[in-house]
Structures are given as structure tokens and as C-alpha cells.
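Remarks on the structure that follows.
In what follows, chains carry the letters A, B, and so on, assigned in the order in which the sequence lines appear, proteins first and then strands, with residues in each chain numbered from 1.
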6 protein chains.
Amino acid sequence: MRPSGRDLNEMRAVSIETGITKHAEGSCMIRMGDTHVLCTATLEDRVPPFIKGSGLGWVTAEYGMLPRSTSSRMRREASAGKQGGRTVEIQRLIGRSLRAGVDRVALGERQITVDCDVIQADGGTRCASITGGWIALRLAVNQLLKSGEVLTDPLIDPVAAVSCGIYAGQPVLDLDYPEDSTAGVDGNFIMTGSGQLIEIQMSAEGSTFSRDQMDQLMGLAEKGVGELVAAQKAATSA
Amino acid sequence: MRPSGRDLNEMRAVSIETGITKHAEGSCMIRMGDTHVLCTATLEDRVPPFIKGSGLGWVTAEYGMLPRSTSSRMRREASAGKQGGRTVEIQRLIGRSLRAGVDRVALGERQITVDCDVIQADGGTRCASITGGWIALRLAVNQLLKSGEVLTDPLIDPVAAVSCGIYAGQPVLDLDYPEDSTAGVDGNFIMTGSGQLIEIQMSAEGSTFSRDQMDQLMGLAEKGVGELVAAQKAATSA
Amino acid sequence: MRPSGRDLNEMRAVSIETGITKHAEGSCMIRMGDTHVLCTATLEDRVPPFIKGSGLGWVTAEYGMLPRSTSSRMRREASAGKQGGRTVEIQRLIGRSLRAGVDRVALGERQITVDCDVIQADGGTRCASITGGWIALRLAVNQLLKSGEVLTDPLIDPVAAVSCGIYAGQPVLDLDYPEDSTAGVDGNFIMTGSGQLIEIQMSAEGSTFSRDQMDQLMGLAEKGVGELVAAQKAATSA
Amino acid sequence: MRPSGRDLNEMRAVSIETGITKHAEGSCMIRMGDTHVLCTATLEDRVPPFIKGSGLGWVTAEYGMLPRSTSSRMRREASAGKQGGRTVEIQRLIGRSLRAGVDRVALGERQITVDCDVIQADGGTRCASITGGWIALRLAVNQLLKSGEVLTDPLIDPVAAVSCGIYAGQPVLDLDYPEDSTAGVDGNFIMTGSGQLIEIQMSAEGSTFSRDQMDQLMGLAEKGVGELVAAQKAATSA
Amino acid sequence: MRPSGRDLNEMRAVSIETGITKHAEGSCMIRMGDTHVLCTATLEDRVPPFIKGSGLGWVTAEYGMLPRSTSSRMRREASAGKQGGRTVEIQRLIGRSLRAGVDRVALGERQITVDCDVIQADGGTRCASITGGWIALRLAVNQLLKSGEVLTDPLIDPVAAVSCGIYAGQPVLDLDYPEDSTAGVDGNFIMTGSGQLIEIQMSAEGSTFSRDQMDQLMGLAEKGVGELVAAQKAATSA
Amino acid sequence: MRPSGRDLNEMRAVSIETGITKHAEGSCMIRMGDTHVLCTATLEDRVPPFIKGSGLGWVTAEYGMLPRSTSSRMRREASAGKQGGRTVEIQRLIGRSLRAGVDRVALGERQITVDCDVIQADGGTRCASITGGWIALRLAVNQLLKSGEVLTDPLIDPVAAVSCGIYAGQPVLDLDYPEDSTAGVDGNFIMTGSGQLIEIQMSAEGSTFSRDQMDQLMGLAEKGVGELVAAQKAATSA
């Protein structure tokens, strides 16, 4: 019934390749089906002005899409002269989500910038960015722990994200682009490895949904995030 | 226990004054406690290029804050040279939310722009904007119905919004600024008059929340939106 | 003979409501007929770089129009990405005019920013902004005097402004929009409470005027400013 | 008593050199003392959208200063990414002033753009731009008359401008930079060859002026503009 | 003697992987040592306004660097609000270079946009972009030939580029970053498969070079481009 | 055979007028035929952040064209809101070229900004800017030497530039606009007074060139630069 033939509660194949650029302190290519996102984490000693001297660390994120990551070419935002509203929303979400899993006291006064660049898009790029972004963050923090610059692990709990929506009247997990572009209701669930919620964004375009449907979507999300956290652990345990 | 002395499930006083500018096709000043938002609806015959010739209507929104609507003066976005990320997020949310209550076929190929300008801010400005924006929209559509330009009412169901959050460990309804600025978890529920959900945005900063807490917040939201829809009806029935 | 039925030398009804926002150090809504401007004064301890360490104070102003303050909706300047030429001209004029009434030594090294936002426009918004802006400034300075932060009143003389022009061949006082949009010659006179001139901007579009007409307009302006200064005193004496 | 040793009512030496660029339809270098402005007029068949099809012509102006036209180098506006407020004000003034001397019906549906670029500045650049800009305009219109494209001369009356101000307590004509930078009161008078007024901009910074002083300045302006119009005629009569 | 141990006239290892994104009409990842560039070609039926109706085709290029493609993180150009001068220069160069190998009549009125995004940088990114960009272009044009939309091959001759410079007093081929950042003289040679020159950019920073040295660099370039063209043919012949 | 009737290896008439603005530390108007460029050098004690404290000086350049320096009017870059790609490329080239002739240790920690503004364009404006820019630089440095602020002449060798290209199949020297706009191959050679090369930019649009042709162009460039350096010496020796 789904275009891809997947079950309603079935994720796309997830693959994670770490250490893919020589410059970044942490990096991975995450692939959720045909959605491919390159995530890097950059470690810097400076922090934003509003926390200077506080002893607290900061984690922030930026998001971009290569012009031909999509089916028809998008205009390059650098050439358009600004980041679009969608980009700004997504990168704020990624940053907020990752910070929810960070002990900023333990991190100390340093900043980690997570860049998520979509190489190929097929739906769910923001969720892939959060899940892959956490891996890059994990790898960068591992360096800090190994070098002794940081003594207590500032990563409290893994952070991962999955999309759910109502497609052809049925609640489905991990929408791909053909589903995403026709679903009247869809959203993103950002959760921790221990099953706590960080952020929920459910939105209906030209439609509405009931509280009961919301409960079903929440159940799917819990299943999906559980699988992603397992994949994160596998990728970073080596 | 709440700074304002309100009960956990108690809204702020809501007041709605309609017809407050002579130029706009629909307008109101909505006051939720000390949060005051001026909402106007502008009716135009042209539609955005992407629906030209489709016969469908369009509803969009823009949001702004006067520089001294806040406790300390904010830089004017026109002078900064662009709308900030928060502004863009909010106005996209308002537009999406209002469209969810509109039958775009019945509206016909015309555009209604809802402007929400915050005169005084004390938390919950985006929810007040949606609730008040719908009133301005209602009044503008009433003109179309009265003049016979539109024959079937394109407003299917009222749209209203309320914030909920976890303050001092307790789920509370309709956060004001002192609550909003310290709550680790808060969000917005946009719903219709018949109790369907349009959008949920729950977010935790430096915290997380459980599925059980999410259920309690949803219950508060249903109560709050119910009261707002009653106020909308009272204000527009005259 | 005038569209409004007013005499040639008759002002519109002026109303001034002070203290209308809880955050600003000084505020008012000034209404000159159907032109309504919200003015706030913000007090800050920092001054612009070019006078840092000089011991002198600074007064500056910003001006904006709500998108639907006008008969047809104007594009929001924040969304257009910059303040238009007209806006920049007006806010520079407001700032210059207000500074002419300020003893910057007595004010001491602090800045007052006057924001003038047009809620509803019907001609003469820049004059209403100056007249109302001075009231907001007066109220903010009163706070400084009451608290003892400033010992000598830095406001030497009230500042008010009125427009005059030649409409249907006749010199008229305080043009409203129907007059303003057809007058070939019009301008603004900014004066002090004691009758001194601060700024004159007379301009002809598709027309010219004689020195004799200029004299008549100056006489009208003196009458109008006198009435405005009386209204300012009444509004701020309480 | 004046830094330059001039009499109170004495203009700087004026020199006008026409035909100085091979591309423009009309051009001149105007020198008022050490203020040198290069003015060109460009003739185009297209008009701005708001008058398309009206049969009316349009005259507009742009203004710029070379970065080292001033005593210390100014930042290039193209590199700053926008025209400053002062530039926008000045070029709007030049355009308005020149249009006041144009019969737009006689001009027909075409546009003339007058560019005024300051090569060297020593006070009074906007007045020199108007006076020199009119010459470039005159020369471009002469081409239209010669070619028969335009049959009735659209230039009704010459347009020229001069600054006046109160320097060291005395009304003076045609301020140079040392005067301009210390005068508390100064302004610009734009007039026609037949002595009618087009625009008056009098402004006081940290000072005020009386109606009597205004009268004296107006007298000086009449004398100055008379001399400039004579120079314009001499330069364009050949 | 070179940091990498290469001979003076030895290229870095070149690897080319084609067909790496599912959306683009042509794509490759080109790796010259540690410099990795993702190149895609997008085929569109529309052409820029200046050749509309001419029957001629157009090839253009855009260039970007991922923020952490470099040793320390660069600011994202989309977030900075504009493409820097270096980016603009490079993408103009890529476009010009590729067009030199295209028969625009044979291509017909369609546009191909080549995007070159640097995933990892280690010197010579613009040369890798040209060499890899031609491969993406070749693959996209192959589609046009296969489908019969284009009958004559518009790609006259392969286009490739290599950098040369004077490092530690010696002419060297294909500089990597450690060489590039200290070489006083370096530049890029863009050539065709048949050995004709398209563009030469030699530049000295804090140094100069003789005509004799220029001749030696040209010899190195001919060798390097020869090897690159062989690699292009191998990669696209399958 | 050339539109101007010049021999293949014949330069346009060069004239250099120095000291043409009273404010700049060095200035000239350089005319190469109908190409006229005003060059000024501004001396400042501050240096860019990246060399602060290094003891080294800096030379930089900016380039602009007056709107009607060209045959049809160009949009003013300040009004377009940014410098175009061509402008940025040219001003970077001018700065780089001039720095190649400067001993930055001898200059000491100060900056010289060379502004090149095209008054009238007829091809070869960037070369005229470099040649004339060096003269302005020479004159500004002479002031530093005369005043004793700098003891050793930091100008090692004159810098001049000339364009060459292939017009109607023949290598020609110093292209004017009619040649430049049709030449398939053209470029710029920047050289020192002693015949060393600083920068070569050869570029083919819709064409290619052979190594043999490149050699011929280099020969023409050597002749042309020789004549320009002689003119520079004549203009600055007085």
C-alpha cells in the first residue's frame, strides 16, 4: 500500500558511515533510503557572546541542501542572498534538539557546530540531519574525552528523530518523498535514547487530525527512534 | 503557585475589540492579559503565481513586533534588513494554521493577507496572533459574503491556538512571559472549533518530557481552545 | 471648500492618550483626525560610538507604518529587506527635530530612542510623529528627573510640527490625505513652543509657489503649532 | 569674516564645462569653488511602470560621491551594499526639483536620468548637482528638439539651487565646507529662473532660527539663484 | 622536496566516480588527492533572457564549499548573505571554461547548469571543478544524444584544468594545499583535449616571475592536462 | 585593418594628469584613448585586522564605473545593493597587482587604498586602472618619503598593465571597445618596469588559442608595458 512497499511501521534501510572527511572533528554520511546527509561537527574554543564567561558550552547547527539534491534544481541559497525560511526553521530545530541531550556544564566553555548538508533528498532530511548530527557530535566529543580536555561525558542521552504522518488515511512511519508530498498530516518526533520527548512538530496542510490519530503516530515514533538509537550506538561504538 | 496567581488550567482574561482600523477589510485588537496584538485582514484579487488560474484562493500571514513591545527595545527588523528566523517561523505557522480552516475552492481565486503586529508582548504572541488573525479573516470574509462575491462560506471551522507548558514541574495553560521564560518545556496547540488538531509544536530547552505529560498538556489545550473559540464567536456574531 | 469641511486655518481634532504600553519609559497614542501614531521612548545607558566619552546625550528616532495603516496594503519593510527612502528621510527628520529641543549636556551620556509607528494613516504622519514623539520623550525624561538621575531638565522647549500647503489655490493648515494627495505645494514646519523655527520643508510637485504664498503658509504654521504645544502641555502636565 | 574672505552675499566662482563625456546625451562638469560635480543626462525610450501608457515623460536623478571626494575617504556605497540615507534624500530632491521645471506632456513618454557624481566636495554638493543637472538635462532635451522627436520645448523654466545659512550669527550665501560644518542653521533653496520657489529645506542642528532670519535667507537665495541661472544660460546658449 | 614527496611534474592520484546522485542528469565525484568535488549537471529547457529566441544553448556553473571542507570551518555563504568575491570569480571561470568546449548551435536552446560543491579541500578546487564539471556535462549531453533531442554532439573537445606554480624556487605541477599556501607564484591552465588553450591565470603574490619560468609552467600544464583528459575519457567511455 | 587604423602593435595615445583632486594624497586622471580613469590614493594609519601588529603595510584597491561611463547607462552598483562579480574581480586584480611592486616592510604598518573610477569607458579599463593606480600610489608614497615617515622607498619597481588579444585572426596590442567586444581571445598582462611578470589573464570566449599565439601576445605585452612605464616615469618625475 505504501509506494515503497514497506509496512506501515517499517523504517527505510539506515546506513551510517563515519569519519568521511579528514578535517572535521567528527563526521558521518547518514543514509535513510535515498536521503543522504553529510554531517560534520566542528569544535571551537570560542562561544557566542551571550554565554561568554558563563562556563557553559554551546551546540549549534546549520543546514543546507546542495542545489541538485532534489528532483529539480533548487536555487543556491548563497546566490539568492539569504537562507530561506524553511532552512532557518530546520537548523534552529537541529540545534535545539541536539542541545537537549547535552550537559553544557560538563562540556565547558566551548562550541560545537554541527553542519548538515543534504547530498540527496528523498524526504525526512531534517530527521536524518538530527540523527546523523548526533553521531558527528558524539565523535567530536569522544576526541575531547580522549585528550582529557573534558572529563565527564557531556552527552547525557542519544538524540534521534523520525517523521510520521497520515498517508492514504493510515498512520505510517518514516515518510519518503512520494508519501511526504501527498500526506495531509505529517510531523517529526525528536526523542532521546531513553524514550523521553524533546520536540514534537505535527502539522496538517489542508486537513486536520484527531487526538486518537496523534496517539498512534506517537507509538510509531517510539518504535522508529528506538531503531535509530541502536544504529547510532553501533556506528559509534567501534 | 503561578506568578500571576492563576490556577494551573486557567487562561488569562481575553478581550477582543473589532473594527479598529478604517482601512482594513477585517481587523481586531486581541488582548490575552498583557499581550496585545493588532490583527488586520487585507483582501486582494491577485493570488500568488503558483496558484494563478487554479480557481483556488490563498490565505497568508505576516507577523511583526513593534520595537518597544518588549521589556527591552528590540532592533526594528526593517532596519536590520531582514526578518529574523523567529519571525519567519511564526508567520509561516500563522498562515498554515489559518489555511487549515479555509475551503479554498469556496474562497475563489483571491488572496487574504493577515497581518499580526504585536503592540505589547507578555508571552503567547503567536497564539494570540492566530486566534485574533482568524477574527480579522472572519470579518473580511463576511464582507465577501455580504457583497455576494462569494456564495458559500469558505470558513469551515474556527481556528484558535493556545500555549501550554511545564512550569515548576506542573502542566499549566496559557503561559505568560514570566512562565514562558523559565519553563523547560512548552509549546503551542492549534485546533479547530470542533476539536480537531491542526498543528502541535512541543519543544524542550535544556529538558525533556514524557508521553504522559504530553497527554496532560493536550487536555489543557482542549480546554483553552474551547474558551477561545467561544470568545471568537461572541466577537464576530454581532 | 476643503473635503473635510474645515476652515482654511482649522486643525483636525487632536487627541493624546499617554502611558499606553507598560514597557516603554514614555509612550502615547496621538490622533490627528484619522491619523493615529503610537509613540514610545526608550531610555538606554549606552550612546552611539561617535559621542562615547563626550558626556553628551543623544536622541534618535525610528519610524514605521503598519502594512495596513494605508488604504491599500503596503509591503512590510522588514520583508522587503530594507527601509525605503521615504522612511529613512522621515526618521532622520524626527530625530533632528527632537534634538533641537534638547540640552544634551543636561541629558548626560545616555540615549533616548523614540519609535513612531503609524497605526492608521490619513496624511501628516511625520508631523504627528514629531508632536507625539516629543510627548513620549517628555514622559521618559520626567522619569529621569523624578529618580534624580538627571538634575536639570534637558527639555528646553517643546517641539511640535504641522503641515501646510496650497490646496485648490488656497493656503490650508494641517492637510489630510485627500488634500495631501492633490496639493501641488505642501510642506512641514517644525517649531518650538516659543515660536522659533527648527526646520522647514516646503516642496512643490508639478507646480511652484511664490514668496508671498510662503509667508501665508508660515502664518498658518505658527497658529497650528501653537495649538499643538498647548495640547502637549495638557497631556503631560497631569 | 568668512573663512574664504567672501562678502556675506557673495557666491563662490562658478564654472561650467559642457560636453565632457562622449557617451551621454547631455553632460557637464560644474565647479562651485572647490565643489566639482560631473552631471550626465541619459535619454531612454522606456518609462517607469507607474506611468506606462500615460503619454507623460519622467525625469529622475541619482547622486553619488567618489570615495575620496571628501577630506577623509568615505566607504564606497556599492561596497557597503546600499545607498545611505543622505544619498537617498539628495537624489530624491534632485529629481523632484528638476521635474518642477519640466512639461511632462511636451516631453512625451520617455525618461531622462540625470546622474550627479561628486568628484570633489567642499560644501553645497546637492545644490551644485541641481544646477549642473539642469544643464545636462537642457543639453539632452536640445538633442530631442533638434532631431524633431519632441516639438515643443518641455523645459518651462531653468531650475537652480543655492544654500544659505547662519554662520557666526550672520546670514550668508553659498556655504563652503568650513562654514557648513559649523553653521547651526542652514538649508537649500531651489528656484526657477523666473523667481518662483520649488523647494525650501531649512534645518537647524543644535539651534533654532526666527521668522525674521528666514526672510533674510530668502533674500540671499534670490540673489544667488539669479546669478546661477545667468551662468546656466551662458553655458547652454552656445 | 615537495611535502608530498611527489616529483616536480607528478600529478596527485585522480579518481572519478560517476552517477553518484539519482536526480542529476549527469554527476561525478572527482578526487585529486585529498581534494574532493561533487559535480552535477542539470538540464533545463529554459535559457537566460539574453539568448531567448536565438536558438543557441547555454552552459553555466556554480561553485560552493561545504563549511567544513577546509581545515578550519568557513562561514556558510548562504548565512553570510552573499557569495564572496573568490566564489564569484571561480564560478565565472568554470562556466567560461566549459563553454569554450561547447558548440552552442548544436546544443540548441537549452541550458545546462554545472554545480561544483567542494566536499573536502586540499588545493586546486577550481581545477578539479572544471575537470569534474566537464564529466558531468558529458554525461548529461549523452542523455540528450541518446534520446534524440540533440543530433550532433555539442561537445567539441574535452576541457580540463590543472594548477602549476613555483614552489621553493622550482616549477611544480598540481599544487596541493601546503604548496599552494606558500607558493609565491601560481596559476591555472585550462586547456582542451587537443592541446589548445582556453584560459591562463598566472598570478604572483609578493613575488614576480620571468617569461622563461612562464614557459616551463606551460610545459608542465600540457603534461597534466593530457593525463586528466585521459582520465575523463576513461570515466565516460563506459 | 583595426577599426581605429592603428598598427597591430600600436598603443592608443596615453595622457596622464596628476594632482587632480585636492583631498587625496596622490591622484591622477589617466587617459588611454577614450578610456578615462580617475585614480586616487588614500593614506591611512590603520591596517586590516589580519596584519595588525605585524609591522607590515597593506595596499588595496577599489574599482567603480560611473553609470554613464558606458555607451548605454549601467545601473549604479550602490543602488543595485552590491558590487557585481566583474567589479569584484577587477578590484581584487588591481590590489594584487599593485602589492606585487611594494616592499611591505619598508611601507610600515599603514594602508594605502587606491580608488579607480571610470569616467569614460572604451575598453581596457582595468589595465588603465592599474597603470594609473600605480601613479597615485607613487605620489602618495612620495609624501611619506618627503615627510620622513618612511625612510626606504617601498615601491620596488613600477607596475603597469596592458591588454592584448586576437582580433580578426591577428594578435593586437591595447584593444579598444570595438575590438574588445568582438575578439574571441583577449587578456591582460601585468608587469613590472624591469620586465618581470606579475599576472597573466588570458581568456577565450567561444574560441581557443595556441601556445604559439600566446608567445606572440606576450611579445606585444612587453612592448606595451615598456611604453606605459616610460609614461609613468615622465608623469611622476616632475
Side-chain angles (χ1 to χ4, degrees), chain E residues 56 58-59 62-63 81-93 95-105 156-157 159 166 184-215 217-219 221-222, chain F residues 56 58-59 62-63 81-93 95-105 156-157 159 166 184-215 217-219 221-222:
Chain E
L56 297 173
W58 190 245
V59 172
E62 288 193 6
Y63 171 92
K82 62 169 186 169
Q83 295 181 305
R86 177 184 170 277
T87 295
V88 172
E89 267 191 49
I90 291 177
Q91 67 194 12
R92 283 159 57 98
L93 170 65
R96 258 193 336 262
S97 299
L98 294 177
R99 278 194 299 279
V102 174
D103 176 345
R104 291 168 54 205
V105 175
I156 312 162
D157 211 356
V159 174
I166 299 176
V185 174
D186 72 312
N188 305 291
F189 294 80
I190 296 99
M191 300 178 66
T192 67
S194 57
Q196 285 288 100
L197 289 153
I198 293 171
E199 184 134 350
I200 298 175
Q201 294 189 324
M202 281 304 306
S203 174
E205 182 83 34
S207 178
T208 59
F209 57 107
S210 67
R211 190 162 170 182
D212 187 57
Q213 287 175 313
M214 181 64 193
D215 278 338
L217 296 171
M218 192 108 63
E222 286 177 339
Chain F
L56 296 174
W58 189 246
V59 172
E62 287 192 8
Y63 171 91
K82 63 168 187 170
Q83 296 181 305
R86 178 185 169 277
T87 296
V88 171
E89 266 192 49
I90 291 176
Q91 66 192 15
R92 284 160 57 99
L93 169 64
R96 257 194 336 262
S97 299
L98 294 178
R99 279 195 298 279
V102 173
D103 176 345
R104 291 169 54 206
V105 175
I156 312 163
D157 212 355
V159 174
I166 299 176
V185 175
D186 73 312
N188 306 290
F189 293 81
I190 296 99
M191 300 179 66
T192 67
S194 56
Q196 285 289 100
L197 289 152
I198 293 171
E199 185 133 351
I200 298 175
Q201 295 189 325
M202 281 305 305
S203 173
E205 183 82 35
S207 178
T208 59
F209 57 107
S210 67
R211 189 164 170 181
D212 187 56
Q213 287 175 311
M214 180 66 191
D215 278 339
L217 296 170
M218 192 107 63
E222 286 177 339

(request) Output the option from E:Gly101, E:Gly85, E:Ser203 having the highest count of non-hydrogen pairs under 4.5 Å with chain F. (result) E:Ser203

(message) At a heavy-atom distance under 4.5 Å, which candidate from E:Met218, E:Met214, E:Gln213 has the highest pair count against chain F?
(response) E:Met218

(message) Less than 4.5 Å to any heavy atom of chain F: does that hold for the side chain of E:Gln83, its backbone, both, or neither?
(response) neither

(message) Just verifying a value: how many Å separate F:Glu89 CD and E:Ile90 CD1, rounded to the nearest 0.5 Å?
(response) 10.0 Å

(message) Heavy-atom cut-off 4.5 Å, strictly under: side chain, backbone, both or neither for F:Met191 against chain E?
(response) neither

(request) Side-chain contact test, heavy atoms from C-beta onward, threshold under 4.5 Å: evaluate it for F:Lys82 versus E:Lys82 and give yes or no. (result) no

(message) Restricting to non-hydrogen atoms, name the atom on F:Ile198 and the atom on E:Phe209 that form the minimum distance, rounded to 0.1 Å.
(response) O-CE2, 3.6 Å

(message) Quick one, E:Met202 with F:Leu197, criterion side-chain contact (heavy atoms from CB on, under 4.5 Å). Give me CA distance, side-chain angles, the key distance, then yes/no.
(response) CA-CA 9 Å; E:Met202 281 304 306; F:Leu197 289 152; over 6 Å; no

(request) Measure distances from F:Gln91 to the heavy atoms of chain E and classify the residue's part below 4.5 Å as side chain, backbone, both or neither. (result) neither

(request) Can you see which heavy atom on F:Ser207 is nearest to which on E:Ala100, and at what distance? (result) O-CB, 4.1 Å

(request) Scan for salt bridge (Lys or Arg N to Asp or Glu O under 4.0 Å) pairs involving residues 194-209 of chain F, sequence neighbours excluded, and state none if there are none. (result) E:Arg99-F:Glu205, F:Arg96-F:Glu199

(request) Below 4.5 Å from any heavy atom of chain E, which atoms of F:Asp215 appear? Answer side chain, backbone, both or neither. (result) both

(request) Please flag which part of F:Arg104 lies under 4.5 Å from any non-hydrogen atom of chain E: side chain, backbone, both or neither. (result) neither

(message) With a 4.5 angstrom heavy-atom cut-off, is it the side chain or the backbone of F:Thr192 that approaches chain E, or both, or neither?
(response) side chain

